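Below is one structure, written out as C-alpha cells; comments come after it.
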Amino acid sequence: MSITYLEAIREAQAKALADDPRVFIYGQDVGAFGGAFKATKNLAKEFPGRVLDSPISEDAMVGAAVGAAIAGMRPIIEMQFADFSTVGFNQIVNQAATLFWRTQVACPIVVRLPFGGTSGAGPFHSQSIEAIYAHYPGLVVMTPATVEDAYGMLLEAVALDDPVIFCEHKYLYYHLKAEQLPTEAMPTGKARIARAGRDLTIVAYSAMVHEALAVAEELATEKVEIEVVDLRSVKPLDTDTVMASVARTGRLLCVGESWPWGGVTAEVLARVASEGFGLLDAPPMRLNAKDTPVPYHPNLWAAHRPTARSIAAAARKLLRM
Amino acid sequence: MSITYLEAIREAQAKALADDPRVFIYGQDVGAFGGAFKATKNLAKEFPGRVLDSPISEDAMVGAAVGAAIAGMRPIIEMQFADFSTVGFNQIVNQAATLFWRTQVACPIVVRLPFGGTSGAGPFHSQSIEAIYAHYPGLVVMTPATVEDAYGMLLEAVALDDPVIFCEHKYLYYHLKAEQLPTEAMPTGKARIARAGRDLTIVAYSAMVHEALAVAEELATEKVEIEVVDLRSVKPLDTDTVMASVARTGRLLCVGESWPWGGVTAEVLARVASEGFGLLDAPPMRLNAKDTPVPYHPNLWAAHRPTARSIAAAARKLLRM
Amino acid sequence: MALAVLHRESDADVSRPRDGFVKAYRGMLLARLLDEKFATLYRAGKIQGGVFLGRGQEALSVSAGLALRPGDVFAPLIRDAAGRLAFGESVLDAARTFLGSALGPMRGRDGNIHRGRPREGLLPMISHLGAMISVVNGALLAHRFRKLPATVGLACLGEGATSTGAFHEAMNQAGVEKLPLVVIVANNQYAYSTPTVRQFACRSLLDRAAGYGFAGHAVEANDLAACLQVVGQAVATARGGGGPQFVLANLLRLCGHGEHDDAHYIDPGLKSSPLGRDCLKLAEEHLLRQQWAAAAELETWRGETVKLIEEVIAQVQREPAPDPYHEDWSALSSRNLLEGQA
Amino acid sequence: MALAVLHRESDADVSRPRDGFVKAYRGMLLARLLDEKFATLYRAGKIQGGVFLGRGQEALSVSAGLALRPGDVFAPLIRDAAGRLAFGESVLDAARTFLGSALGPMRGRDGNIHRGRPREGLLPMISHLGAMISVVNGALLAHRFRKLPATVGLACLGEGATSTGAFHEAMNQAGVEKLPLVVIVANNQYAYSTPTVRQFACRSLLDRAAGYGFAGHAVEANDLAACLQVVGQAVATARGGGGPQFVLANLLRLCGHGEHDDAHYIDPGLKSSPLGRDCLKLAEEHLLRQQWAAAAELETWRGETVKLIEEVIAQVQREPAPDPYHEDWSALSSRNLLEGQA
Ligand SMILES: Cc1ncc(C[n+]2csc(CCOP(=O)(O)OP(=O)(O)O)c2C)c(N)n1
Ligand SMILES: Cc1ncc(C[n+]2csc(CCOP(=O)(O)OP(=O)(O)O)c2C)c(N)n1
Ligand SMILES: [Mg+2]
Ligand SMILES: [Mg+2]
C-alpha cells in the first residue's frame with residue numbers, strides 16, 4: 001500500500017473525527033463532494049453531520065470556527081485555496097490569534113490552506129503566504145514537507161489548543177507518496193534534519209525541502225555534503241536545530257517559495273546572523289521566489305520560484321565563498 | 001508658525017487636491033467631519049465634492065479606489081485606523097498590487113494607514129502592520145518619521161503610479177512639530193542619515209527613529225557616536241544607505257515597533273548579513289515589540305514596544321561585543 | 001448578576017409587567033449612571049483609551065440582556081453597558097476594565113468596552129465592526145453539535161456596522177444554518193459622524209432581513225415597554241426554533257461617538273424630534289404614570305445605584321495596575337511553543 | 001469587435017427584433033463553439049490551468065455584452081465568454097490567453113478567464129469572488145468625477161459569489177452613490193458542488209435588491225429574447241439615471257464547474273426540468289419558428305464560426321510562448337523603485 005500526501009491529510013482528518021467528537025470540518029464543497037482537492041473525500045458519509053459545506057464566506061467561516069472553539073469544539077476549516085484566506089484574514093489574525101492573549105480562553109482551530117505553486121495555476125491559486133500569518137502573534141504556522149508530517153502534524157494541529165495555520169502544499173498532494181502512515185510524530189516546533197551533511201546547511205520547508213534534497217543528491221556526486229534542515233513549522237521556528245546545523249557546516253542557504261521581503265528566509269537569516277554570527281564561515285544566503293505575483297505560464301512560473309537548478313547554483317556559489 | 005505631522009498630512013492632501021484634479025479622498029468620516037484624526041479637516045469645504053464619506057466598507061473602499069485609478073483618477077483612501085485595513089486586505093494585496101503586473105495598467109492609489117501604538121489604544125488601534133504589505137509584490141510602503149517627510153512623501157505617494165501604503169504614525173501626529181513645510185523632498189526609496197556617527201548604526205523607521213535619536217543623544221554623553229538611519233520607506237528598502245552606514249560603523253542594531261517574526265528588522269538583518277557580512281564587526285542585532293498583541297494598559301504597552309531605554313541597553317550590549 | 005443586587009424586592013415576579021419594567025428600568029439606570037461615572041473619570045484623565053456611552057440606547061440594550069439566560073451567547077458592542085449588566089456582567093468587571101485594574105477579566109491586556117468572559121457566553125468584542133456575529137454563529141453551531149438545550153445567541157451592532165462584509169457573511173451563514181440567532185441593529189442615525197444617507201440606500205434596514213432568511217421586527221427604541229416586548233419576542237421565537245431574528249431599532253445617539261467627540265454634527269431637527277427623547281426619562285414617566293413607582297422611590301433607586309457604583313469604583317481604584325514584569329507575554333496557550341525572540 | 005465579423009449582414013439593424021436576436025444568437029454560438037474548442041484543447045493537454053465554460057449561460061451573458069457600449073465598464077466572470085465577445089473582446093485575445101501566447105493581453109503573466117483590457121473597460125477578474133464589483137463602482141465614480149457622458153458599469157457573478165462580504169460592501173456602496181451599475185447574478189443552482197440551499201436562505205436572491213437600494217429584475221435565462229429584453233432594459237435604465245439595477249437570472253449550469261469536474265452531483269431532476277433546457281437550442285428553435293433563419297442558414301453560421309475559431313487557434317498555436325529571460329519581473333510601474341533582492 002502506498003499513500004499520498006493528500007491522502008494522509010484525509011486520513012488525519014478521518015482519525016481526528018473518529019477520535020474526538022469535538023472535531024468537525026467546515027468549508028466550501030467539503031461535504032458530499034469531498035473538497036476541491038478531495039482532502040475530505042467520503043468524510044461526510046463516514047461522519048454524518050460533521051462535515052459541513054459552507055457558503056463562499058471565508059470571514060464567516062473563520063469567525064464561526066472561533067465561536068465553536070470557544071463553545072467547546074475543535075473545528076477544522078478548509079480554505080479552498082490559501083489565496084482566498086485573505087478574505088478571512090481579519091478573523092484569523094485579529095479574532096482567533098488574539099483570543100487567548102486577551103481572555104486566557106484558548107482557541108483550538110485549524111485552518112487548512114492548500115498553498116504553493118503548481119504549473120498554470122496563476123497569481124491567485126499559487127500563493128505561499130505563510131509569512132503573513134507567522135508575523136502575527138498568537139498563531140502556529142505549520143508547513144509539512146512529507147507525507148508523514150502531513151498526517152502527524154495535522155493530528156497535532158487538531159490537538160493543539162492554539163489556532164494553527166496548516167499550509168499543505170498542492171504540488172506535494174499527488175507527487176509525494178509514502179509506504180505507510182507514521183504512528184508517532186516529532187513534536188511541533190522541532191525541525192528535522194532531512195539529510196545530514198557537513199559542508200553546507202540548506203534550510204527549507206514544505207515543497208522546497210524536496211528541491212533541496214535533490215540538490216544535496218546532485219552535489220553529493222561532487223563530494224559535497226549538504227545538510228538539509230526541514231523546518232516543519234515556520235512558527236515556532238526551531239532556531240536551535242538550524243543553529244546546530246550551521247555550527248556543523250559553517251554555511252547557510254535558506255530557501256523559500258514565497259516572496260523575498262520579510263518571508264521565512266528573512267527570519268531565518270536574521271536569527272542566524274544575530275544569534276549565530278560566529279558560526280558562519282561565509283555570508284548566509286537566501287533564495288526566494290521573485291518579487292512579482294506568481295505567473296500563470298509554466299515557462300515563467302518555472303523561473304519565478306526556486307528550483308533544484310537555481311538552488312544548486314546558489315549552493316555552489318556559497319561553497320566557493 | 002509651527003506645523004505638526006498631522007497638519008503636514010492635511011496640507012499635503014490639500015496641495016494634492018489643489019494641484020491635480022484627478023485626486024479625491026474617500027474614507028469614513030473624512031468629509032464634513034474632517035476625519036477621526038482631523039487629517040482632512042476643512043478639505044471637504046475647500047474642495048467640494050472631492051472628499052467623500054464612505055460606508056464602513058474597507059473592502060469596497062479599496063476596490064473602488066482601484067477602479068477609479070484605472071479610469072484615470074488618483075484616489076487617496078483613509079483607513080480610520082491601520083488595524084482596520086485587514087478587512088480591506090484582499091483588495092490591497094490581490095487587486096491593487098497585482099494590477100500592473102497582470103495588465104501593464106498602473107494603479108496610482110494611496111492608502112493612508114494611521115498606525116502604531118499610543119498609550120491606552122489597545123490591540124486593535126495600535127498595530128504596526130507595514131510588514132504584511134511589504135511582503136506582497138506590487139506595493140510601495142512608506143513610513144515617514146518627520147513632519148517634512150509626512151508632507152513630502154505623501155505628495156510623492158500621490159504622484160507615484162503605483163499603489164502606496166502610507167503608514168503615518170499616530171503617536172507622531174501631535175508630538176512632532178516643524179517650523180515649516182519643505183519645498184523639496186528626498187526621492188522615494190532613499191533612506192536618510194538622521195544623525196551621523198561612527199560607532200554603531202541604528203536603523204529605524206517611523207516613530208522609532210525618534211527613540212533612536214534619543215539614544216544617540218544619550219550615548220553621545222558617553223562619547224559613543226551613533227549613526228541613525230531613517231529608512232523612510234520600508235519597501236523599497238534602501239539597502240545601499242544601510243550598508244554604507246554599516247561599512248562606516250561595523251555595528252548594526254535595527255529597531256522596529258512591529259512584531260518580531262518577519263518584520264522590517266528581519267528583512268534588514270537578512271540583507272546586511274547576506275550582502276554586507278564582511279562589514280560587520282559584531283553580530284547584527286534587532287529589537288522589536290514583543291510577540292503578543294499590543295496591550296491596552298499603559299504599563300504593559302510601555303514594556304511591549306522598544307523604547308529609548310531598551311534601545312540604549314541593546315546598543316550598549318552591542319558596543320561591548 | 002449585577003441587576004439582582006438592585007432588583008431584590010422580595011415579591012418581584014418579572015413576568016408581571018410592572019416587575020419586569022421596574023427591573024429593566026433599574027438596569028437602564030445602572031447603565032446610565034455607570035456610563036456617566038466613566039465619562040466623568042475620563043474627563044478627569046483617569047481612564048486610558050476611549051469611553052463610549054450607550055446614552056439613549058439603554059432601553060434597547062437592557063431588553064437584550066434581560067431576554068437572555070445563562071448558557072446563551074451575547075456579543076455586545078460599544079453601547080451595551082445596559083445589556084451587559086442585564087446579562088450578568090458585574091459592575092466590578094466593567095470598572096476594573098475601564099480603570100485598568102490588573103484584577104479585571106482582561107488583566108490590562110485589553111480594556112474598556114473590549115471586556116468579556118467567553119466561558120460565560122459574554123464575548124469580548126474585537127474592534128472590527130461586524131466581526132462578532134459569525135463568532136456567535138459558531139458558538140450556536142457548537143451548541144447544536146453538543147445537543148445543548150435551546151440556547152440563543154444575540155449580537156448587537158449599529159447601523160454603520162451593517163455595511164461591513166463581515167455582517168453580511170455572518171447573517172447569511174446564520175440563515176443557511178437556521179441558527180437561533182437574534183441580531184439587533186441600533187440605527188442611531190449616525191456612524192461616528194456619518195449620517196445614514198451615506199451608509200445605506202434602502203428605505204429601511206429591515207428590507208435586508210428577508211434576503212438573509214431572517215424574520216424582521218422593528219421597534220421605536222426609546223420606548224422601554226416596546227423594546228422589552230419586541231426583543232423579548234424575537235429571543236423567544238429564536239429559542240423556540242423559529243430561526244434567526246432581525247430587530248431593527250430606531251433611535252438617536254444622545255452623546256458623542258465617544259467622549260472625545262462633541263457630536264456637533266447631529267441634526268438639531270432629530271434631537272428635537274420624538275426620536276430624540278431620552279428612553280430613561282420616558283421610562284420614568286411611564287413608571288410614574290402607571291403608578292408603578294413614586295417619585296421618591298425613583299430617587300431612592302438612583303441613590304442606591306450611585307452608592308453601588310461609588311463603592312465599586314473606590315474599591316477598584318485601590319487595586320493594583322498590571323505589572324509588566326509579572327506579565328508572561330504569551331500569545332499562545334501552548335507555552336512550549338513560545339519563541340524567545342527579541 | 002468580435003461579433004461584427006460574424007454579424008455583417010449589410011442591412012442588419014439590431015433595433016429590429018430579428019436582427020438583434022440573430023446577432024445575439026451568433027454571439028452565443030461563437031462563445032459556445034469557442035468554449036468547446038478550449039474544452040477539447042484542455043482534454044488534449046494543450047491548456048494550462050482551469051477551463052470554465054459558460055454552457056447554458058450564453059443567452060444571459062451575450063445580452064450583457066450587447067447592452068454595453070464602448071466607454072462602459074464590464075467585469076465578466078468565469079462563464080462570460082459570450083458577454084466578453086459581445087462587448088468587443090477578440091477571439092484572438094481569448095485564444096492567446098488560453099494557449100499561453102506571449103502576445104496575449106496578459107503576456108503569460110495571468111491566463112485563461114483572467115484576461116482583460118482595463119483601458120478598454122474590460123476588467124481582468126481576480127479570482128476572489130465578489131471583488132470586481134467595487135472596482136466597477138470606482139470606475140463609475142471616476143466617470144462621474146470626469147463628467148463623462150452616461151456610461152454604465154456591469155458586473156456578472158454567480159449566486160455563490162453573493163455570499164461574499166465583497167459583494168455586499170460593493171452593492172451597498174453602489175446604492176449609496178447611486179451609480180449606474182448593473183449587477184447580474186446568474187443563479188445556476190450550484191457554486192462548484194454546493195447547492196443553493198447551502199448558499200443562502202432567502203426564497204429568491206431578488207429579495208436582496210431592495211436592501212441595497214437597487215431595482216430588481218428576474219429573468220428565466222435560457223430564453224434569449226427575455227434576456228435581451230430584461231438585461232437591455234436594466235442597462236438602459238441605469239444609463240438613463242435610474243440608479244443601480246440588479247438582475248437575477250435563473251438557469252442551470254450545463255457543464256462541470258470546470259472541465260476537470262464531471263458534475264455528477266447535479267440533481268437529475270433539474271436537468272430534465274425546464275431550467276435544464278439549453279439556451280442555444282432554444283434560440284435556434286426560436287429562429288426557425290419565427291422564420292428568422294432557415295436550418296441551412298444555421299448550418300452556414302456554425303460553419304463560419306468554426307472556421308473563424310480554427311483560424312485563430314491555428315495562428316495562436318504558432319505564436320511564441322513567454323520567455324522568462326525576456327520577462328522584466330517588475331510588479332511596479334516605477335522601475336526606479338524596484339529592489340534587486342533574490
Ligand atoms: C471595520 C471597521 N472599520 C472602521 C471602524 C472604526 N469605527 C469604530 S465605531 C465606528 C462607527 C460605528 O457606527 P455604528 O455601527 O452605526 O455604531 P454606533 O457607534 O452608531 O453605535 C467606526 C467607523 C471599525 N471599528 N471597524
Ligand atoms: C473568495 C473566494 N472563495 C472561494 C473561491 C473558490 N471558488 C471559485 S468558483 C467557486 C464557485 C462559484 O460559484 P458561483 O458564484 O455560483 O459561480 P458559478 O461557478 O456557479 O458560475 C468557488 C467556491 C473563490 N474563487 N473566491
Ligand atoms: Mg450608528
Ligand atoms: Mg453558481
Side-chain angles (χ1 to χ4, degrees), chain A residues 21-22 24 26 49-50 52-73 75 87-88 90-91 94-95 97-109 136-140 160-163 187-189 233 235-239 267 270-271 274, chain C residues 73 75 105-107 109-111 114-119 121-128 130-146 148 151 153 164-177 179 329-334 336-342:
Chain A
R22 298 172 302 173
F24 72 97
Y26 189 46
R50 294 174 63 197
L52 307 182
D53 283 331
S54 75
I56 306 177
S57 302
E58 283 78 5
D59 186 278
M61 282 157 58
V62 179
V66 174
I70 290 173
M73 302 296 287
V87 284
N90 184 57
Q91 294 282 13
N94 282 317
Q95 189 87 259
T98 67
L99 183 68
F100 176 73
W101 160 261
R102 295 170 67 227
T103 65
Q104 298 293 94
V105 172
C107 185
I109 73 170
Y136 279 84
L139 299 172
V140 171
L160 263 184
D161 276 343
D162 291 295
T188 298
S233 69
K235 189 166 188 184
L237 197 162
D238 182 0
T239 320
E267 185 59 26
R271 292 192 189 191
S274 59
Chain C
V73 180
M106 315 304 274
R107 296 154 307 131
R109 292 175 170 190
D110 207 342
H114 291 276
R115 67 192 181 275
R117 293 193 179 264
R119 287 260 174 270
L122 185 63
L123 297 181
M125 59 172 277
I126 69 168
S127 294
H128 301 72
M132 300 311 296
I133 310 173
S134 61
V135 180
V136 178
N137 288 348
L140 295 173
L141 274 178
H143 292 185
R144 181 178 290 172
F145 275 119
R146 296 173 56 202
L148 299 188
T151 59
T164 62
F167 166 80
H168 171 74
E169 293 194 1
M171 292 291 287
N172 184 57
Q173 179 179 58
V176 168
E177 297 293 346
L179 296 174
W329 300 110
S330 167
L332 293 179
S333 84
S334 316
N336 58 315
L337 297 185
L338 288 177
E339 303 196 295
Q341 307 139 277

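Hydrogens, waters and symmetry mates play no part in the numbers below; they use all other heavy atoms, side chains included. Everything numeric in this text was worked out from a predicted model, so none of it was measured. Quick note on labels: first sequence line is chain A, next is B, and so on, each numbered from 1.
- Between C/Leu123 and A/Ile70 there is a side-chain heavy-atom pair separated by less than 4.5 Å.
- Using a 4.5 Å cut-off between heavy atoms, A/Arg50 touches chain C through backbone and side chain atoms alike.
- Proximity to chain C (any heavy atom under 4.5 Å) is shown, for A/Gln95, by both the backbone and the side chain.
- Rounding to the nearest 0.5 Å places CD of C/Glu339 at 4.0 Å from CZ of A/Arg271.
- With a threshold of 4.5 angstrom between heavy atoms, A/Leu139 approaches chain C through N, CA, C or O but not through any side-chain atom.
- When all heavy atoms of A/Leu52 and C/Phe145 are compared, the closest pair comes out as CD1-CZ, 4.1 Å.
- Chosen from C/Ser127, C/Gly138, C/Ala166, C/Ala75, the residue pairing most often with chain A at heavy-atom distances under 4.5 Å is C/Gly138.
- Using a 3.5 Å distance cut-off with no hydrogens or angles, the side chains of C/Arg119 and A/Gln104 do not pair a donor with an acceptor.
- If you tally non-hydrogen atom pairs under 4.5 Å between each of C/Arg146, C/Glu177, C/His143 and chain A, the highest count goes to C/Arg146.
- Top candidate by heavy-atom pairs under 4.5 Å with chain C, chosen from A/Asn90, A/Asp238, A/Val66, is A/Asn90.
- When C/Pro118, C/Ala170, C/Gly121, C/Ala174 are compared by the number of non-hydrogen pairs under 4.5 Å with chain A, C/Pro118 comes out ahead.
- C/Arg107 contributes atom CZ, which lies 7.5 Å from atom CH2 of A/Trp101 (distance to the nearest 0.5 angstrom).
- For C/Ile126 against A/Arg102, the heavy-atom pair with the smallest separation is CG2-NH1, 3.6 Å.
- In terms of heavy atoms, A/Thr188 sits closest to C/Leu337 at O-CD2, 3.5 Å.
- Both the backbone and the side chain of C/His114 come within contact range of chain A, each with at least one heavy atom under 4.5 Å from a heavy atom of that chain.
- Interatomic distance, CG of C/Asn336 versus CG of A/Leu160, reported as 7.5 Å (0.5 Å rounding).
- Scanning both residues, A/Ala64 and C/Gln173, for their nearest heavy atoms gives CB-NE2, 3.5 Å.
- Most heavy-atom pairs under 4.5 Å with chain C: of the set A/Gly67, A/Gly72, A/Pro21, this distinction falls to A/Gly67.
- Heavy atoms of A/Pro55 lying under 4.5 Å from chain C belong exclusively to its side chain.
- Among the candidates A/Ser57, A/Ser54, A/Pro187, the residue making the largest number of heavy-atom pairs closer than 4.5 Å to chain C is A/Ser57.
- Counting heavy-atom pairs closer than 4.5 Å to chain C, the top-ranked of the candidates A/Val87, A/Thr103, A/Asp162 is A/Asp162.
- Note on C/Ala139, C/Ala142, C/Ser333, C/Ala331: by heavy-atom pairs under 4.5 Å with chain A, the leading option is C/Ser333.
- For the options C/Met171, C/Arg115, C/Met125, heavy-atom pairs under 4.5 Å to chain A are most numerous at C/Met125.
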Derivation and outcome, side-chain contact (heavy atoms from CB on, under 4.5 Å), residues A/Thr98 and C/Asp110: CA-CA 10 Å; A/Thr98 67; C/Asp110 207 342; over 6 Å; no
